[in-house]
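So the structure is just underneath, and the comments pick up after that.
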Amino acid sequence: MRVPGVLVGLLVLVAGVNAQVAVRGADDSRAGSFVSTGGQVRQQYERFANEEWGAEVPDADGYWLERYMFQLDARLSRRVRLYGELKSGIEIGRAGGHAVRWLDQGRTKGADLYYLGYRRKEATFDQGQGRELRHSWGARFWKASGALDYNVEAVVQTGHFANTDIRAWTIASDTGYPIGAAGRPRFGLRADITSGDRDRNDDRLGTFNPLFPKGAYFGLIASAGPSNHMDLDPQVTVNPRDGLVMTASWLFFWRRQVDDGIYGIPGNLVRSGQGTRSRLVGPSPGVEVEWQVTEHLSMTGNASLFTAGPFIQESGPARTIGFTAVWATYRF
């Protein structure tokens, strides 16, 4: 999210609304103690014409900025005071941002470049534990329509873990071929690869950290995450009628480096790579059905399996995972 400190250009329209509230309770001036709460809600609309003298992506309808703040102030005595503040900042509908560029006039193809910095005091990998500071440099290219749609992303990571350097990377792709036939079928293939640690005893960490991936990165079964892995995931999606979408997939999952383990979606170590040289983690077939019942109500059902491959069999319990879920969503 790009929010420049100085806005240069022609600001056509700015509308802002601020609301602040503070409530004091449990006030005891004699004891010098009180508890108070406060907050701020700010809604701001902005629109540029020819931002950065026309170098930025044209924005025909402007964008909305939202700020929400809440604070709590508790004075327990003349010498003890507790104070905390929460803030949420949201940007909605702004064209451009994270060096985003459209590659055609119809806005069906685009590219973006980005950087993400990440730090945590205590990280755990198959190599060990320690402080992690990671820099992610990424690029993404996509095409959303036509005979072939695609979404390709590459990331290089540098930084430090404990007393070692970080050198990690990933390439992820989702390619689809829609067919103009009954049911509007789309044949797709996801193919992803993330680096792993080649040698747990050297002075370099090669395990890719996906940072904050969505929980259903490989489907709702979510048994493993995108670190030290390779996958192929053929998919078929059909729309038998308006409001009904059915998807079938069959994921194949491998370890990339045999001296590294597999990790969960949050980046936690699920199985160590010690004691086994096998790469195949296992296959995971699944189906999902989405039904938009009404304008406000939708229902979804999912069923998946994850069969234990040689790596799972050689590293611990190896029963087949079964997963089913049904849920309803009401939007208003």
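Starting from 1, each residue takes its place in the sequence as its number.
A donor and an acceptor atom, one from each side chain of Trp64 and Gln44, are nowhere located under 3.5 Å apart. No hydrogens or angles considered: a donor-acceptor pair under 3.5 Å links the side chains of Gln129 and Thr124. Looking at Asp192 and His229, their side chains never bring a donor and an acceptor atom within 3.5 Å of each other. Inspection of the Glu46 and Tyr63 side chains reveals an N or O donor paired with an N or O acceptor under 3.5 Å. No donor-acceptor contact under 3.5 angstrom links the side chains of Thr300 and Glu290, judged on distance only. Between the side chains of Glu132 and Asn209, at least one donor N or O lies within less than 3.5 Å of an accepting N or O. No side-chain donor from either of Arg75 and Ser33 sits under 3.5 Å from a side-chain acceptor of the other. Between the side chains of Gln127 and Asp197, at least one donor N or O sits under 3.5 Å from an acceptor N or O. Thr207 and Asp260 are linked by a side-chain donor-acceptor pair at a separation below 3.5 angstrom, with hydrogens and angles left out of the test. Counted by atom type alone, Gln235 and Ser249 present zero donor-acceptor pairs between their side chains at under 3.5 Å. When only modelled atom types and interatomic distance are considered, Ser304 and Asn302 share a side-chain donor-acceptor pair under 3.5 Å.
With respect to the salt-bridge test (charged N to carboxylate O, under 4.0 angstrom), the residues Asp104 and Lys143 do not qualify.
Between Trp137 and His135, the two ring planes are tilted [angle within 30° to 60°].
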